[in-house]
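Letters A, B, ... are given to chains in the order of the sequence lines, protein chains preceding strands, and every chain is numbered from 1.
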Amino acid sequence: MNGGRLPMLLTSMKEELNIALKAAVQAAGKSFEDLGVAFERAALGPCKSPDHGDLATNAAMLLAKPLGTNPIALGTAIAEQLAAHPFIAKAEAVKPGFVNLRLSPAAFAHVLSYVKQQREAYGDSTLGQKRRVLLEFVSANPTGPMHLGHCRHAATGDSLARILRAASYDVTTEFYINDAGAQIKALGRSFRYACLKVAGLLDPATVQHENDPETGRAFIVHDGERVQYTGDYMEEFAREFVSTATPDQLLGMSPEEFSLEARNRNLEMIKRDLGAMGVFFDNYVSEKALHENAAVEEAMLKLRESGRTYEQDGAVWLKTQDYGDPEDRVLIKGDGAYTYLVPDIAYHHDKYLRGYDRYINVFGADHGGYLPRLKAGVAALGHDPEALTIILLRLVFLTRGGQRVKFSKRAGNFVALSDVVEEAGPDAARWFILCRSSDSEFEFDLDLAKQASSQNPVYKVQYAHARICTMIDKGTEEGFTMLADPARVADILTAPIERDMILYLAQFPEVVERSARELSVHHIPAYALGLADLWNSYYSMARTDETFRVLRPEAKELSEARLFLADTMRQVLSNALGLMGITAPSRMTKAAEAE
RNA sequence: GUUCCCGUAGCUCAGCGGAUAGAGCAACUGCCUUCUAAGCAGUUGGUCACAGGUUCGAUUCCUGUCGGGAACGCCA
């Protein structure tokens with residue numbers, strides 16, 4: 001065995017196909033330029049129908065015309081070339097022009113050997129070439145609890161980080177704290193009001209009750225300013241804080257001190273909620289700090305020096321139209337104050353100064369217009385705007401009993417992340433979020449997610465993993481020893497479903513690489529479910545056909561070969577779940593679920 | 001009005017130009033003295049919104065129409 005130096009099966013087969021195609025191109029006396037995109041689009045993948053073979057390529061159909069031949073003739077030539085490879089047992093060109101490949105036992109042995117050798121690293125690729133990526137996500141305002149949307153952002157961002165790391169990117173995750181500006185002042189006022197109220201220090205004369213003329217909602221005015229943040233969490237913060245402070249201290253605190261105190265408590269709450277779903281960040285970057293160390297001022301100066309700004313109507317504008325913005329944006333308002341754009345550009349300037357190769361932001365779809373502004377900003381500061389990518393996530397709706405839920409007890413006028421994670425559990429919450437592609441709006445069915453039952457796909461996948469674990473344990477107890485030689489395993493395991501499993505295992509690295517390339521997470525759960533289905537089907541075949549039992553004392557070597565396959569299935573299930581941040585339990589019992 | 005996203009089974013959603021369009025849920029029929037039934041096997045269910053175009057081949061790419069959502073502030 002050459003060990004890790006051997007390429008993965010599909011990679012290896014694609015290289016082989018390329019060699020065959022190049023030979024065909026040369027034989028026809030053509031150049032690759034003549035072929036254009038046809039050559040690039042030639043693909044090799046698993047067959048949909050097992051009757052056709054294990055793998056198939058469409059290359060002959062794409063290239064026949066530019067090469068001046070017909071697909072069957074070209075396909076036959078390609079097939080002949082491929083048939084010589086030790087991984088190929090049979091290659092033939094068929095009707096429309098597909099070349100169908102049947103893999104040899106050596107190919108199956110290779111897959112098994114590779115999984116076994118790579119273990120936790122199976123699925124990893126070299127796509128990222130160790131390039132450094134700064135991945136920013138969630139960045140929830142520290143003014144209240146996180147909502148269902150943040151749950152999507154957290155699960156997606158965290159999983160993306162795992163996928164990119166598997167693809168050899170050097171990923172740093174970052175949470176940007178919007179702890180400056182008007183909303184933090186409002187937070188401080190709300191917190192001060194809550195503290196005085198809890199401490200019994202509130203002067204009734206300073207409080208008015210009013211109604212919003214537009215929404216009709218009631219709100220409180222304290223000391224002439226609207227109290228904006230009034231959820232249960234605010235009272236909890238206040239109770240905690242008041243218990244540690246004297247009335248004199250409370251009354252003597254500045255607005256800034258109240259703001260800071262509330263911001264800190266809020267951030268702790270955010271970290272706690274994220275922690276409950278297993279999401280942790282490498283960095284937390286404070287907007288306030290960017291102001292305090294003059295990074296914002298400095299960025300503004302540089303923007304002006306760049307020549308990419310101009311003054312008009314008493315304001316300072318940035319030429320964002322150069323990057324696809326429908327109109328230019330204001331940096332400094334008529335009243336001299338910065339718009340939100342300046343600190344945001346300063347923050348990205350700071351990111352670039354820290355020296356990464358790529359900057360990926362996960363934003364809500366309502367921030368779709370952001371990209372041109374940020375690109376224009378970083379470009380004006382001398383950075384490469386193409387290194388910045390924004391992934392937009394669309395809205396999530398929570399449904400319960402078939403009805404959309406808009407409010408939660410904890411958060412008031414929206415559904416709290418913590419409620420969803422508590423009710424569904426972190427694994428199911430992540431699963432249902434990751435299943436969906438980022439640009440689709442979707443309904444999170446809480447009834448389904450919280451069902452610890454057969455109806456829930458996430459448990460199906462975990463169940464398959466747990467079943468294998470207990471089976472391997474049992475095999476060990478009964479004196480079975482996993483075979484050591486993958487070639488022998490491949491020789492023994494020739495049942496169609498066993499071949500299907502091995503072929504499916506071979507596809508995992510491609511799925512992960514594709515996810516990393518597209519920055520889309522939803523391929524992973526789809527793959528994992530397919531893998532679990534295969535194992536569960538296989539497992540159940542023993543009910544109707546005794547010879548499909550894995551552990552059969554009367555067929556020791558067969559059993560030990562099947563244990564090998566079981567272990568590779570377990571490994572890949574575990575790796576796939578790992579990329580989603582979902583646990584891979586080694587045991588699942590109904591009793592445990594009923595607690 | 002302009003730009004972007006979406007339109008696929010009763011519901012929620014996958015589907016990197018390829019062969020007979022898939023999964024989960026819901027409905028129906030079977031299967032636990034056996035390595036975990038949180039499982040398996042099967043049935044029902046589709047004008048891939050519509051119309052053109054490109055292609056050997058279109059659910060996929062292009063154009064248009066219709067329908068749904070979002071963004072279009074000197075708000076953040």
Side-chain angles (χ1 to χ4, degrees), chain A residues 41 43 45 47-49 51-52 56-58 61-62 64-65 70-71 94-98 100 141 178 181-183 313-317 324-327 329-341 343-344 364-370 392 394-395 399 402 432 435-445 447-448 451-464 466-475 478 510 514 517-518 522-523 525-526 529-530 532-533 535-544 546 548-552 559 562-563 566 587-590 593:
Chain A
R41 288 203 353 234
C47 292
K48 282 197 177 160
S49 161
D51 302 339
H52 297 137
T57 176
N58 59 355
M61 288 180 288
L62 291 172
K65 198 176 213 176
N70 72 71
V94 298
K95 29 174 196 175
F98 290 102
N100 289 331
N141 290 339
N178 287 285
Q183 57 190 357
D313 305 330
V316 176
W317 301 68
D325 210 349
E327 54 187 316
R329 304 289 158 178
V330 170
L331 295 174
I332 305 180
K333 298 187 269 188
D335 65 5
Y338 291 165
T339 66
Y340 66 93
L341 200 49
D344 280 352
D366 56 343
H367 288 65
Y370 249 54
L392 297 176
R394 306 203 57 194
L395 290 174
T399 63
F432 283 96
C435 277
R436 272 65 189 230
S437 81
S438 58
D439 51 10
S440 102
E441 212 171 63
F442 78 94
E443 301 204 349
F444 188 105
D445 185 340
D447 296 324
L448 178 59
Q451 272 187 72
S453 76
S454 59
Q455 288 130 356
N456 194 333
V458 63
Y459 292 109
K460 187 173 180 170
V461 176
Q462 291 182 316
Y463 184 58
R467 264 180 160 178
I468 297 173
C469 289
T470 55
M471 171 187 287
I472 290 173
D473 287 349
K474 185 166 172 154
E478 294 180 2
E510 283 215 325
R514 181 184 169 193
R517 206 168 0 94
E518 294 179 0
H522 67 280
H523 306 299
L529 193 57
D533 278 340
W535 176 260
N536 285 328
S537 295
Y538 183 56
Y539 186 93
S540 298
M541 284 169 74
R543 288 192 173 276
T544 48
E546 180 77 11
F548 274 101
R549 278 178 68 86
V550 170
L551 302 174
R552 296 168 64 210
S559 300
R562 285 176 171 167
L563 277 176
R587 209 160 295 269
M588 286 176 93
T589 60
K590 286 219 162 188
E593 162 255 313

Query raised in the report: Using a distance-only test with no angle check, is there a side-chain donor-acceptor pair under 3.5 angstrom linking A:Asn141 and A:Gln183?
Result: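 Checked: A:Asn141/A:Gln183 side chains pair up, N/O donor to acceptor below 3.5 Å.
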**Report entry** Under the salt bridge (Lys or Arg N to Asp or Glu O under 4.0 Å) test, residues paired with A:Arg467 that sit two or more places apart
**Finding:**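 Partners of A:Arg467 under the salt bridge (Lys or Arg N to Asp or Glu O under 4.0 Å) test: none.
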Query - salt bridge (Lys or Arg N to Asp or Glu O under 4.0 Å) involving A:Asp473 - partner list, sequence neighbours excluded - result: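 Per chain and number, A:Asp473 pairs via salt bridge (Lys or Arg N to Asp or Glu O under 4.0 Å) with A:Arg587.
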Report task. Kindly indicate whether the side chain of A:Asn536 and the base of B:A38 share any N or O donor-acceptor pair separated by less than 3.5 Å? Result -> no
Query raised in the report: Under the 3.5 Å rule, do the base of B:G57 and the side chain of A:Arg41 count as making a donor-acceptor pair?
Result: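 Counting by modelled atom types and ignoring angles, a donor-acceptor contact under 3.5 Å is found here.
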Rounded to the nearest Å, what distance is computed from the [atom1] atom of residue [X] to the [atom2] atom of nucleotide [N]?
X: A:Met541; N: B:C40; atom1: CE; atom2: P; result: 13 Å
X: A:Glu510; N: B:C16; atom1: CD; atom2: P; result: 14 Å
X: A:Arg467; N: B:C35; atom1: CZ; atom2: P; result: 11 Å

Report summary line: Sorted by chain and number, sequence neighbours left out, side-chain contact (heavy atoms from CB on, under 4.5 Å) with A:Ser559 holds for A:Phe480, A:Arg552
Under 4.0 Å, counting only non-hydrogen atoms across every strand here, what does [X] touch: a base, just sugar-phosphate, or nothing?
X: A:Tyr539; answer: base
X: A:Asp344; answer: nothing
X: A:Phe98; answer: base
X: A:Leu529; answer: sugar-phosphate
X: A:Thr470; answer: base
X: A:Asn100; answer: base
X: A:Thr399; answer: nothing
X: A:Ala56; answer: base
X: A:Ala64; answer: nothing

Query raised in the report: Out of B:C16, B:A76, B:G24, which has the shortest distance to the side chain of A:Leu448?
Result: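 Side chain of A:Leu448 sits closest to B:G24.
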Query raised in the report: If you check every side-chain atom of A:Leu551, which of B:C25, B:C35, B:C13 has the closest atom?
Result: B:C35
**Report entry** Integer angstrom distance from the P of B:U2 to that of B:A19
**Finding:**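 About 37 Å, rounded to a whole number of Å.
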Report summary line: A correct dot-bracket answer for RNA chain B, with pairs being Watson-Crick or G-U at under 3.5 Å, [ ] for crossing pairs and | for inter-strand pairs, is (((((((..((((....[...)))).(((((.......))))).....(((((..]....))))))))))))....
Using a cutoff of under 3.5 Å, can you pull out all pairs of nitrogen or oxygen atoms linking the protein to nucleotides 27-34 of chain B, with atom names and distances?
{"unit_1": "B:U34", "atom_1": "O2", "unit_2": "A:Glu546", "atom_2": "OE1", "d": "3.3"}

Report summary line: Expected string for nucleotides 66-71 of chain B under the B/S/- scheme (protein heavy atoms, under 4.0 Å, primed atoms plus P, OP1, OP2 as sugar-phosphate) is ---BSS
